[in-house]
Amino acid sequence: MREDIISSIGEEYYNKLDIEGFSNMMKDPSYCYKFYWLEAIVNLLSEGKITTTFNDLIDEMIANAWYSVREFHIHLSGVVLGEARDGLERAVDELAKQSDLKSDASKVEIKNAIKEHDKELSVYKKQLTNMVPYRALSGFFVKFDKNVNWDSVVRMVSYIQAFNQECESLPYVLGESSGLKREVFFNPEWMRMIQDNTVAILGWIQYEKVKWLQNNNPEVPGLVYKLAPLNEKMRKLTNVRSLWKGVMTQHEFRDVYSGRLISNTDFDVDHFVPWSFVMNDELWNLIPMDSSLNSSKSNKLPYWEPFFERFANNQFIMYQEISRSEEIHRLYEKCFRDNLHSIWAGQELYRPGNSREEFVSILEKNMRPVYDSAKRQGYQMWDVE
């Protein structure tokens with residue numbers, strides 16, 4: 001992918017800019033915030049900014065990381081002794097602690113909250129400026145074999161300014177102000193290159209970011225879909241709802257969580273393990289639910305005991321009706337395209353002839369690891385009222 005981004009940039013820039021150095025900006029990261037730093041720069045340049053500050057770039061980084069960390073419980077650089085390693089993740093967690101922001105808040109709402117709680121966030125934001133603004137440029141220094149003193153901010157700023165004048169122009173240089181007020185001045189030639197190639201560059205950043213995040217969150221499925229808010233239309237529940245509605249005309253169902261009878265004209269289709277973790281609408285994870293409870297469950301995990309047994313019982317009733325009724329079986333077949341992709345479900349769970357014990361055992365064997373992964377990832381448990 002690094003070679004792809006180099007080759008995708010127009011030839012007119014190669015005589016003026018160190019494209020090879022630019023491609024090194026995300027090489028060998030120690031923390032995930034290196035990706036968010038470059039992404040923030042590209043975003044601000046796409047808005048036409050010619051200069052900015054550490055503070056504004058850090059705000060952009062927090063806003064861009066918010067959704068992944070809060071909605072999907074992604075750890076940006078892993079966890080050590082129960083604490084997030086990545087300073088950006090700690091900043092997001094602190095903002096969540098100080099504000100009443102929802103996990104799917106808009107960027108405008110997030111940035112307004114950052115301003116409102118800037119005092120509480122300042123220590124986290126300052127930590128993010130310790131190294132990444134300077135080390136992000138290190139790939140440009142390699143071919144000149146320059147030794148850099150990374151222990152002094154003053155010397156790093158001076159070195160960057162001198163290198164920019166003597167050797168080759170950098171994408172940005174830094175001003176003389178201190179702390180979060182330090183200026184970031186963008187090079188006009190680099191601005192034009194980035195603006196001309198914004199889509200390709202953001203795609204490259206996302207690709208590298210996903211590789212890093214997947215390595216630090218090996219149990220999390222569908223991570224590529226967990227970097228930004230998704231369109232609700234991605235969910236494919238129409239055929240599943242029709243199937244359950246058909247089954248409910250043949251059999252009485254009680255809500256797994258409340259025990260109340262469910263009307264076949266007023267119910268929601270619920271993911272037992274939250275959709276925000278599994279990122280799919282597989283039939284084996286879906287049941288009808290009392291509409292009045294669905295909003296309170298949201299993306300929380302129900303307790304395994306006693307709810308899994310009740311969930312499995314309702315699933316088994318559906319399974320029996322699929323075998324007994326041609327009409328229900330036709331509704332089941334309509335779910336194949338969008339809701340039956342798991343090989344184990346098609347070949348084992350919904351195969352004809354399973355006893356109740358066999359069905360529940362197959363379901364538990366395959367669901368429990370997914371459930372436990374979500375729990376380890378930090379999904380909140382749901383206390384049913």
Side-chain angles (χ1 to χ4, degrees), residues 221 232 235-325 327-329 331-336 338-342 344-346 348-351 354 356-372 374-375 379 381-385:
E232 288 290 319
R235 303 193 186 189
K236 306 291 186 179
L237 298 175
T238 302
N239 290 326
V240 175
R241 183 177 178 83
S242 296
L243 171 61
W244 277 110
K245 188 172 183 179
V247 175
M248 291 166 72
T249 62
Q250 307 295 323
H251 199 284
E252 189 176 81
F253 276 87
R254 291 189 176 274
D255 181 82
V256 166
Y257 309 110
S258 68
R260 294 193 289 265
L261 286 173
I262 304 176
S263 165
N264 69 349
T265 59
D266 183 23
F267 69 93
D268 288 342
V269 175
D270 173 59
H271 296 73
F272 188 82
V273 180
W275 179 85
S276 63
F277 183 74
V278 296
M279 293 299 288
N280 62 51
D281 296 310
E282 292 291 291
L283 183 60
W284 51 265
N285 190 38
L286 296 166
I287 50 166
M289 180 183 186
D290 188 325
S291 299
S292 64
L293 289 175
N294 203 5
S295 60
S296 65
K297 180 174 181 290
S298 186
N299 66 346
K300 301 182 183 75
L301 273 173
Y303 286 93
W304 189 263
E305 299 291 347
F307 299 122
F308 173 75
E309 185 176 351
R310 301 176 191 176
F311 167 85
N313 183 63
N314 282 0
Q315 273 272 340
F316 182 68
I317 293 171
M318 177 193 67
Y319 166 76
Q320 287 182 309
E321 291 299 327
I322 290 171
S323 301
R324 292 173 181 169
S325 167
E327 181 181 352
I328 300 301
H329 196 274
L331 293 173
Y332 165 70
E333 289 178 336
K334 289 183 179 180
C335 297
F336 286 178
D338 295 324
N339 313 106
L340 276 166
H341 299 128
S342 301
W344 67 268
E348 299 180 53
L349 187 67
Y350 297 119
R351 68 185 176 192
N354 282 329
R356 186 186 186 283
E357 290 73 21
E358 289 171 330
F359 183 90
V360 173
S361 175
I362 294 167
L363 188 60
E364 181 171 14
K365 178 183 71 174
N366 288 279
M367 278 194 72
R368 188 62 192 254
V370 179
Y371 177 93
D372 288 343
K375 191 174 181 180
Y379 274 73
M381 302 305 296
W382 181 41
D383 291 314
V384 184
E385 298 179 358

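What you see below is based on every heavy atom in this structure, not just the backbone, and it leaves out hydrogens, waters and symmetry mates.
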### Query
Atom CH2 in W382, atom OG in S298: separation rounded to 0.5 Å?
10.5 Å
### Message
Could you check whether any side-chain N or O of Y379 sits under 3.5 Å from a backbone N or O of S276, counting only pairs where one atom can act as donor and the other as acceptor?
### Response
yes
### Query
Is it true that the NZ or CZ of R356 lies under 6.0 Å from the centre of Y319's six-membered ring and within 45 degrees of the ring axis?
no
### Message
Rounded to the nearest 0.5 Å, what separates atom CG in L243 from atom SG in C335?
### Response
5.0 Å
#### Entry: Residue pair L301 / P274: nearest heavy atoms and the distance that separates them
CD2-CD, 3.6 Å
### Message
Show the nearest heavy-atom pair for residues E348 and I362, with the distance to one decimal.
### Response
O-CD1, 3.7 Å
### Task
Heavy atoms only: give me the nearest M381-P302 pair and the separation to one decimal.
CE-O, 3.7 Å
### Query
Rounded to the nearest 0.5 Å, how far does CG of D281 lie from NE2 of H341?
9.5 Å
### Task
Evaluate the criterion side-chain contact (heavy atoms from CB on, under 4.5 Å) for residue pair L286 and H271; output intermediate values, then yes/no.
CA-CA 5 Å; L286 296 166; H271 296 73; 3.5 Å; yes
#### Entry: Greater than 12 external heavy atoms within 6.0 Å of E309's CD
no
### Message
Tell me if a side-chain donor or acceptor on N285 pairs with a main-chain N or O of V273 at a distance below 3.5 Å.
### Response
yes
#### Entry: F267 ring center near W244 ring center (under 6.0 Å)
no
### Message
Under the criterion side-chain contact (heavy atoms from CB on, under 4.5 Å), I'd like the reasoning laid out for F308 against V360: C-alpha separation, chi angles, the key distance, then a yes or no.
### Response
CA-CA 10 Å; F308 173 75; V360 173; 4.2 Å; yes
#### Entry: Pair Q320-H251, side-chain contact (heavy atoms from CB on, under 4.5 Å): steps then yes or no
CA-CA 11 Å; Q320 287 182 309; H251 199 284; over 6 Å; no
### Task
Hey, could you give me the CD/CD1 distance between E252 and I262, rounded to the nearest 0.5 Å?
10.5 Å
#### Entry: Side chain D290, main chain D255, donor-acceptor under 3.5 Å
no
### Query
Strictly under 6.0 Å, is that where the ring centroids of Y332 and Y350 end up?
yes
### Task
Please confirm whether the backbone N or O of I328 pairs with a side-chain atom of E321, one donor and one acceptor, at under 3.5 Å?
no
### Query
Above 12 or not: heavy atoms from other molecules or residues under 6.0 Å from CD of E358?
yes
### Atom pair CG/CG of L237 and N339 - distance to nearest 0.5 Å
7.0 Å
### Query
Hey, are D266 and S263 close enough side-chain-wise for a donor-acceptor pair under 3.5 Å?
no
### Message
Whether the side chain of D268 engages the backbone of D270 through a donor-acceptor N/O pair (distance < 3.5 Å, no angle test) should be reported.
### Response
no
### Min side-chain heavy-atom separation L349-F359 under 4.5 Å
yes
### Message
Please verify the inter-ring angle class for W344 with W284; under 30° counts as parallel, over 60° as perpendicular, anything in between as tilted.
### Response
tilted
### M318 side, atom CE; Q250 side, atom CD - distance, nearest 0.5 Å
14.5 Å
### Summary
All heavy atoms of P369 vs all of K365, minimum pair found to be CD-O, 3.2 Å
### Message
Working note: K375 + W304, criterion side-chain contact (heavy atoms from CB on, under 4.5 Å); need CA distance, chi angles, decisive distance, verdict.
### Response
CA-CA 11 Å; K375 191 174 181 180; W304 189 263; over 6 Å; no
### Message
Please give me the minimum heavy-atom distance between R254 and N314, naming the atom from each residue.
### Response
O-ND2, 3.3 Å
#### Entry: Least distance between heavy atoms, P288 atom then M248 atom
CB-SD, 3.9 Å
